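What you see is a predicted model, and the numbers here were worked out from it, not measured in a lab. Values reported hereafter were calculated over all heavy atoms of this structure, with side chains retained and with hydrogens, waters and symmetry mates removed. Protein chains get the first letters and strands the later ones, always in sequence-line order, with residue 1 at the start of each.
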Protein chains: 4
Amino acid sequence: MLTPGPVAVYPAVARAMSQPLLFDQSSEFGTFYEALTRKAAAAMRWHDPALLLHMEAAPGIEVAAASVIARDTVVLNLVSGVYGAGFSTWARRHAREVIELAVPFDQAIDPNAVRDALRARPEIGLVSAVHHETPGGTLNPLHAIGAEVHAHGALLMVDAVSSFAGMDVHPADIHADIFVASPGKCLGAAPGLTFMAVSPRAWAAIHANGDAPRGSVLSLADWEHAWRPDQPFPFTPSLAELFGLEAALDLYAQEGPENVWARHAATARACRAGAAALGLSLWAAVPEIVSPTATVLRVPPALNAAEIVRAMRERWGVQIADGRGATAGRVVRIGHMGPAAEPILAVAAIAALGDTLRRLGFGCDPGAGVAAALGG
Amino acid sequence: MLTPGPVAVYPAVARAMSQPLLFDQSSEFGTFYEALTRKAAAAMRWHDPALLLHMEAAPGIEVAAASVIARDTVVLNLVSGVYGAGFSTWARRHAREVIELAVPFDQAIDPNAVRDALRARPEIGLVSAVHHETPGGTLNPLHAIGAEVHAHGALLMVDAVSSFAGMDVHPADIHADIFVASPGKCLGAAPGLTFMAVSPRAWAAIHANGDAPRGSVLSLADWEHAWRPDQPFPFTPSLAELFGLEAALDLYAQEGPENVWARHAATARACRAGAAALGLSLWAAVPEIVSPTATVLRVPPALNAAEIVRAMRERWGVQIADGRGATAGRVVRIGHMGPAAEPILAVAAIAALGDTLRRLGFGCDPGAGVAAALGG
Amino acid sequence: MLTPGPVAVYPAVARAMSQPLLFDQSSEFGTFYEALTRKAAAAMRWHDPALLLHMEAAPGIEVAAASVIARDTVVLNLVSGVYGAGFSTWARRHAREVIELAVPFDQAIDPNAVRDALRARPEIGLVSAVHHETPGGTLNPLHAIGAEVHAHGALLMVDAVSSFAGMDVHPADIHADIFVASPGKCLGAAPGLTFMAVSPRAWAAIHANGDAPRGSVLSLADWEHAWRPDQPFPFTPSLAELFGLEAALDLYAQEGPENVWARHAATARACRAGAAALGLSLWAAVPEIVSPTATVLRVPPALNAAEIVRAMRERWGVQIADGRGATAGRVVRIGHMGPAAEPILAVAAIAALGDTLRRLGFGCDPGAGVAAALGG
Amino acid sequence: MLTPGPVAVYPAVARAMSQPLLFDQSSEFGTFYEALTRKAAAAMRWHDPALLLHMEAAPGIEVAAASVIARDTVVLNLVSGVYGAGFSTWARRHAREVIELAVPFDQAIDPNAVRDALRARPEIGLVSAVHHETPGGTLNPLHAIGAEVHAHGALLMVDAVSSFAGMDVHPADIHADIFVASPGKCLGAAPGLTFMAVSPRAWAAIHANGDAPRGSVLSLADWEHAWRPDQPFPFTPSLAELFGLEAALDLYAQEGPENVWARHAATARACRAGAAALGLSLWAAVPEIVSPTATVLRVPPALNAAEIVRAMRERWGVQIADGRGATAGRVVRIGHMGPAAEPILAVAAIAALGDTLRRLGFGCDPGAGVAAALGG
């Protein structure tokens with residue numbers, strides 16, 4: 001199982017999720033929950049407890065949009081892929097105007113273009129960006145973009161769902177005001193929760209937003225103080241998901257974030273080297289923007305992504321993914337997230353992919369692919 | 001752990017939730033998911049696949065309200081407790097008008113009053129009702145109410161979260177058009193999902209509702225066809241929750257629904273008999289309306305619910321619950337849901353409660369309480 | 001499940017047993033295994049790593065006997081119950097002579113009688129004793145007996161299978177040279193292992209015993225150095241059992257041995273008080289010798305133990321045990337071991353037992369039984 | 001983890017082992033246990049319930065030897081490897097005489113030599129053979145050998161621990177009278193049990209053997225009728241191990257034995273092809289005798305097995321094994337048992353092994369190795 005989602009969970013996470021332990025809501029659960037929000041914050045290197053939503057990351061991002069975007073907000077949405085484009089739909093429901101700064105989906109946003117856009121429209125109050133567009137395996141340069149947004153004074157909202165914990169990205173470093181992460185990607189836990197860092201400036205904007213939902217599944221504000229042990233919990237939480245997240249955060253800290261990132265990077269590097277030796281091209285237009293958490297490869301002419309995926313699974317039991325949205329049918333995607341971020345798994349994927357392509361008539365040398373993946 | 005929520009899960013459910021199995025999204029997962037929606041439908045004795053939402057039941061009800069209530073809908077909301085009252089908040093956001101038919105929270109709605117209300121305002125298009133108000137342990141007579149609503153022609157939306165699978169209640173029998181159930185109560189699974197029966201008339205109303213959210217966490221319609229194996233899934237599902245629900249539905253079918261209900265009823269009967277012998281009164285004004293899935297008892301004068309709960313836990317390790325909303329501090333609540341629906345657990349609860357009350361100065365005879373709970 | 005065996009395992013133990021982790025045999029496993037033998041030793045308050053056998057305790061005791069008893073050994077076997085009597089069978093296969101010091105099975109061995117026996121036969125080289133005879137729920141006074149044996153200079157071999165970790169008993173305190181314990185009783189783990197403390201004097205006797213098996217399932221000596229990380233392991237160990245034992249030892253240390261013993265003692269006290277109020281007699285002839293880890297009650301005349309056990313299980317789902325060997329049919333046994341050592345479970349057992357006896361025609365007052373079990 | 005032992009367990013087995021379910025010993029457990037012995041028998045295609053021992057296979061074989069070999073038995077022990085040689089030690093303790101028919105450990109026993117040996121010594125009453133010598137990855141031709149033994153009239157005892165369930169071998173087909181199998185190899189369960197088929201002739205020999213242990217961990221006869229639900233169980237069984245075996249037998253039946261064998265065979269074939277392309281030689285002297293469940297490769301001159309194993313693990317996280325006994329240091333061993341019997345895992349092993357050898361200075365082409373492993 002080497003897709004960019006669903007991702008296999010670590011065994012220790014699976015065990016934690018079977019934990020039958022229950023809590024007195026008024027005390028032990030509160031203590032546990034606060035500690036969990038602080039662990040999630042520590043992983044994000046953030047000063048305040050993390051905001052935890054009991055939903056998958058995609059709706060989690062909608063909730064953030066509904067809460068922070070007011071009817072007079074002008075949003076600059078950076079679009080370099082499927083998820084960025086999708087965000088415009090949500091933003092338009094709430095914003096006065098959504099300006100799209102878009103590039104072809106095999107490219108990344110240029111920080112200079114962000115600066116120009118901000119200068120052209122000083123009233124822009126929120127910039128939204130996807131860090132890693134998994135359908136294309138491309139990264140946006142958020143350190144530089146964040147600096148521009150910060151200099152301008154707008155809020156920055158970042159979807160770091162499929163990059164956080166697989167590489168060096170944290171909200172403070174990129175001046176993010178809302179930073180959305182998921183347990184279900186590089187942390188190797190189940191995907192049923194979303195956790196966020198939310199800055200004081202973002203909270204102020206939410207509080208000032210008369211249109212922000214309250215008492216609703218669309219409300220961030222309902223959860224602002226949920227970490228406090230003395231707050232009643234809005235509804236029965238799914239302990240399995242919370243225990244799974246806790247186990248994953250513990251593993252992340254024990255292995256050491258830098259080691260986890262290095263493991264993801266080494267896996268992606270092996271995969272890219274092998275793919276190049278097979279004669280395959282990256283989807284990304286330039287190598288500088290490829291992600292260490294997923295490798296997205298263009299399907300050779302005359303071949304079909306779905307057929308490659310199916311044939312590879314049938315013969316070798318290795319599951320990779322077709323594209324999504326604009327990349328559907330045109331690419332195959334190999335995930336390197338959480339427990340899948342092991343170089344030997346990239347080697348096996350290259351072997352199986354090379355063999356599959358060869359059998360489908362594409363002239364390639366699987367042995368050469370593996371030799372390259374194995375490295376110098 | 002004998003609260004009406006959180007509820008302990010069955011061991012087989014906990015094991016199922018640690019299942020690491022992953023799926024090819026395009027085929028095996030689709031097959032599994034369709035089978036699961038059909039199992040959930042079978043448990044509800046419903047003709048169509050169940051609608052599954054990846055959220056707890058409270059937000060699940062909000063989503064249903066947001067989808068079915070249009071700006072020209074007149075809603076009759078039946079209020080006999082905390083949850084019924086809370087529904088008005090959600091309904092008012094979307095409806096032209098919300099009419100409340102309310103009774104004191106220790107009573108049940110009178111079907112005749114529903115008929116009168118419908119006659120008085122023929123334009124009522126949706127009636128909403130909570131079957132079991134867990135804060136009071138009271139049931140509304142939904143068979144009779146459903147017949148009235150059906151005769152009138154309005155849609156009926158029912159919150160059966162804490163009664164379904166603990167007693168004989170199914171959507172077709174009560175003419176429900178939207179019937180909301182949870183894995184996390186009497187089914188003994190985790191609470192992170194909601195499943196619903198939605199009638200063709202309700203779907204027609206949702207489709208006709210121009211205000212119904214689309215592409216949103218607030219949208220039911222996004223999930224209407226999610227059960228179809230050929231549909232792409234909107235986001236990564238939490239397999240642990242789905243596997244847990246499947247295991248719970250299998251257990252329910254294996255034990256036999258009638259046996260499960262009888263187990264819940266016998267447990268509640270033992271609990272009520274024991275409580276009466278301890279000299280405690282039910283919160284419910286009349287015995288006809290008490291629930292078989294939770295027993296709610298008035299706290300004797302001069303005693304404090306929180307202190308009872310705490311003392312009972314400290315000395316005996318038995319966790320019961322304080323009230324909620326209007327009943328907070330005034331009642332203690334003993335849940336009989338899922339694995340907690342065992343008569344011996346009601347006996348133990350009565351023993352521990354009687355002992356705790358006696359130690360706190362309330363003149364009662366725990367031995368007599370237990371003798372009554374043990375029955376003839 | 002309230003029997004003195006099989007005993008339910010703690011949930012954390014069950015989770016640990018599903019651990020898929022595997023080891024490099026040459027290093028990580030060795031480190032883990034040594035740590036485990038030291039944890040087991042710490043629980044026994046023993047100076048050397050514990051000896052771990054990969055078998056249940058009953059064969060574990062046979063192995064110890066086969067190893068330490070030589071053809072010229074005279075054994076004094078103390079017999080106060082079924083297990084003590086059974087030991088003679090094993091001892092006779094290897095010993096020059098087995099002297100039995102026996103008392104009726106509802107009594108305990110008198111330390112003075114041990115002293116007399118040792119004086120009468122100075123050549124006695126090994127004394128064997130069962131600490132807790134679970135078929136009768138009786139304890140032998142091993143502190144005093146151990147002092148006598150120590151003064152005499154013989155080796156002392158103790159079966160502490162069903163008492164260790166449920167009360168204050170450790171090998172050094174009772175001068176035991178071979179002290180046999182089990183994960184499957186008061187530690188609340190699975191029963192597939194045996195662990196022992198073996199004194200240097202006992203090892204010397206085993207080494208000197210030319211008849212001691214070597215390279216055999218009957219050999220203790222094969223395992224003497226198995227804890228050393230640099231030793232190859234004799235065969236593939238069952239990691240599930242080892243992980244379960246580790247989890248149980250961790251729980252024992254976390255809760256605190258004194259707290260665990262107090263929990264066992266309080267449960268047994270409640271059970272005995274309730275049984276007395278039901279009009280039932282202990283099997284033990286005198287109260288000084290009753291165990292805190294199991295309560296054994298004489299069946300009233302005209303009733304049948306098997307029928308009581310069956311009826312109680314059918315009506316209340318509470319499983320207790322019939323007698324075993326000499327007590328079969330004559331007693332019912334309620335275990336208080338590991339997770340079953342909770343006073344509320346004794347209360348529930350008394351309620352269910354009283355109700356069952358009453359329905360079978362025995363004149364007793366279950367309410368009075370429970371009132372007594374609840375205490376002052 | 002690709003060693004020939006310990007072997008990873010299937011996830012469904014791990015889950016089954018965390019099952020907390022307990023039984024009434026007198027009825028439900030008996031029913032479960034009989035069904036389990038019949039499932040194990042069905043897997044062996046045997047007519048009677050399997051004999052289950054609660055110990056690992058190595059001691060299980062000792063127990064069988066101690067039970068069936070009488071003081072007047074002449075044993076012909078076939079020795080083609082470490083395990084066969086080890087059996088002589090056990091056999092000599094009990095037999096009148098042990099005749100060894102030995103070949104170099106890279107060869108297999110010749111059925112004609114067995115015939116000659118039997119003719120030379122007509123009084124031979126028991127022939128013992130190891131089917132798969134895992135230290136060398138070599139198979140003995142048991143169909144032909146069994147036919148010779150059968151014609152002669154002696155009993156045949158077979159160690160099929162590491163071949164059964166990974167290839168087509170069953171006791172009736174090879175005329176085995178005692179056929180020893182393990183859950184912990186190709187079945188992919190935990191190794192703490194042994195199961196056997198025992199023929200009526202073997203039982204007759206055991207019953208007639210006055211030296212056969214009784215009431216002992218060394219006794220097979222104690223377990224002869226343990227499958228009968230009306231028999232008391234000798235001691236508390238480890239349910240985790242039994243549940244794990246049941247899950248593994250269910251998986252084996254569901255996948256289909258022929259499919260499981262084909263999966264093992266394909267994995268071994270890929271591994272051998274890859275190894276040959278790397279320039280490595282099989283330990284086995286001739287290709288006809290190599291096993292489908294483990295591949296044993298000679299270490300190139302100037303290299304060291306332990307160093308290869310260590311380096312491969314450090315760089316690639318792939319665990320293979322050094323030799324054992326006579327093959328220690330001279331070979332590396334790659335297991336293909338249970339969940340490790342997947343061709344892609346052989347491909348990955350060849351890639352990692354080739355890369356490791358190359359880095360250690362052995363001139364080989366890992367790409368060519370993988371290309372060969374991928375096949376035509």
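- Within 6.0 Å of atom CZ in C:Arg298, more than 12 heavy atoms from other residues, nucleotides or ligands are found, so the atom counts as buried in its surroundings.
- From C:Met312, atom CE reaches atom CD1 of B:Ile344 across 7.0 Å, with rounding to the nearest 0.5 Å.
- Considering every non-hydrogen atom in both C:Val347 and B:Ala351, the closest pair reads CG1-CB, 3.6 Å.
- Residues forming a side chain to side chain contact (heavy atoms under 4.5 Å, CB included) with B:Ala43 (at least two apart in sequence, or on another chain): B:Phe164, B:Leu249, B:Tyr252.
- To the nearest 0.5 Å, the span separating CG on B:Leu374 from CZ on C:Arg359 amounts to 7.5 Å.
- The two residues C:Trp316 and B:Ala373 have their closest heavy-atom pair at CH2-O, 4.4 Å.
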